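See below for the structure under consideration.
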Amino acid sequence: VTILLLILAALLGKKNKLPKQVVAAYDSIALNYGNSVDIINKSGWLEKTYTSSQQIKDLIVGDNIVGIVYKDKIEIIDF
């Protein structure tokens with residue numbers, strides 16, 4: 001699994017950086033890198049990259065929607 005995540009990170013331009021959290025639900029995979037999130041569809045295509053100025057604490061993945069949980073708020077990203 002670690003090797004697959006490193007390959008995926010390299011393909012996304014994040015060489016030698018493992019995600020802190022991987023959440024898969026419905027037809028999407030969300031990779032939490034701490035200050036950024038990559039959302040990948042079931043075909044392996046990058047749907048969206050979201051960058052934050054705050055540290056991301058948790059992710060919640062729904063059908064075409066991702067909830068990004070911070071220490072003091074929650075943001076909803078539609079893709």
Side-chain angles (χ1 to χ4, degrees):
V1 173
T2 303
I3 294 171
L4 291 175
L5 289 174
L6 280 173
I7 291 169
L8 184 58
L11 291 173
L12 294 172
K14 294 173 173 43
K15 294 181 181 174
N16 297 325
K17 189 170 183 183
L18 285 173
K20 295 181 178 189
Q21 180 184 22
V22 177
V23 180
Y26 298 91
D27 292 336
S28 302
I29 300 170
L31 304 171
N32 177 3
Y33 290 99
N35 285 356
S36 68
V37 175
D38 288 334
I39 303 167
I40 302 164
N41 66 18
K42 67 178 180 180
S43 301
W45 288 96
L46 181 64
E47 286 282 333
K48 188 165 197 146
T49 298
Y50 178 80
T51 304
S52 172
S53 59
Q54 290 185 340
Q55 185 75 14
I56 298 168
K57 190 172 184 180
D58 196 13
L59 295 174
I60 302 166
V61 179
D63 193 18
N64 292 329
I65 198 165
V66 173
I68 299 178
V69 180
Y70 299 100
K71 183 179 178 180
D72 58 346
K73 66 180 178 178
I74 298 173
E75 285 188 42
I76 306 297
I77 306 299
D78 191 17
F79 61 96

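As the structure is a prediction and not an experimental result, all values here were calculated from the model. All residue numbers in this chain count up from 1 along the given sequence.
- Residues Phe79 and Ile68 share a single hydrophobic cluster, defined by chaining ILVMFWY side chains whose heavy atoms lie under 4.5 Å apart.
- Rounding to the nearest 0.5 angstrom, the gap separating the CG atom in Leu59 from the NZ atom in Lys20 is 12.0 Å.
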Stepwise side chain to side chain contact (heavy atoms under 4.5 Å, CB included) test for Ile39 and Tyr50 | CA-CA 8 Å; Ile39 303 167; Tyr50 178 80; 5.8 Å; no
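- Hydrophobic clustering, with ILVMFWY side chains joined whenever heavy atoms are under 4.5 angstrom apart, keeps Val66 apart from Ile29.
- The line from CG of Asn64 to CG of Asn41 is 10.0 Å long, rounded to the nearest 0.5 Å.
- Residue Ile74 is not grouped with residue Val37 when hydrophobic side chains (ILVMFWY) are merged at heavy-atom distances under 4.5 angstrom, including chains of intermediate members.
- Taking CD1 of Ile40 as the reference point, atom CG of Leu31 lies at 4.5 Å (rounded to 0.5 Å).
- At a threshold of 4.5 Å between side-chain heavy atoms, the hydrophobic network of Ile, Leu, Val, Met, Phe, Trp and Tyr places Leu46 and Val22 in one connected group.
- Counting only distance, with no hydrogens or angles, the side chain of Ser52 and the backbone of Gln54 share a donor-acceptor pair below 3.5 Å.
- In this structure, Gly67 and Ile76 approach most closely via the heavy-atom pair CA-CD1, 4.1 Å.
- Between the CD1 atom in Ile60 and the CD1 atom in Ile77 there is a gap of 12.5 Å [rounded to 0.5 Å].
- When side chains are defined from C-beta on, Val23 does not count as touching Asn32, because their heavy atoms never get closer than 4.5 Å.
- More than 12 heavy atoms of other residues, nucleotides or ligands sit less than 6.0 Å from atom OH of Tyr70.
- Here OG of Ser28 is found 12.5 Å from CG of Asp38. Values are rounded to the nearest 0.5 Å.
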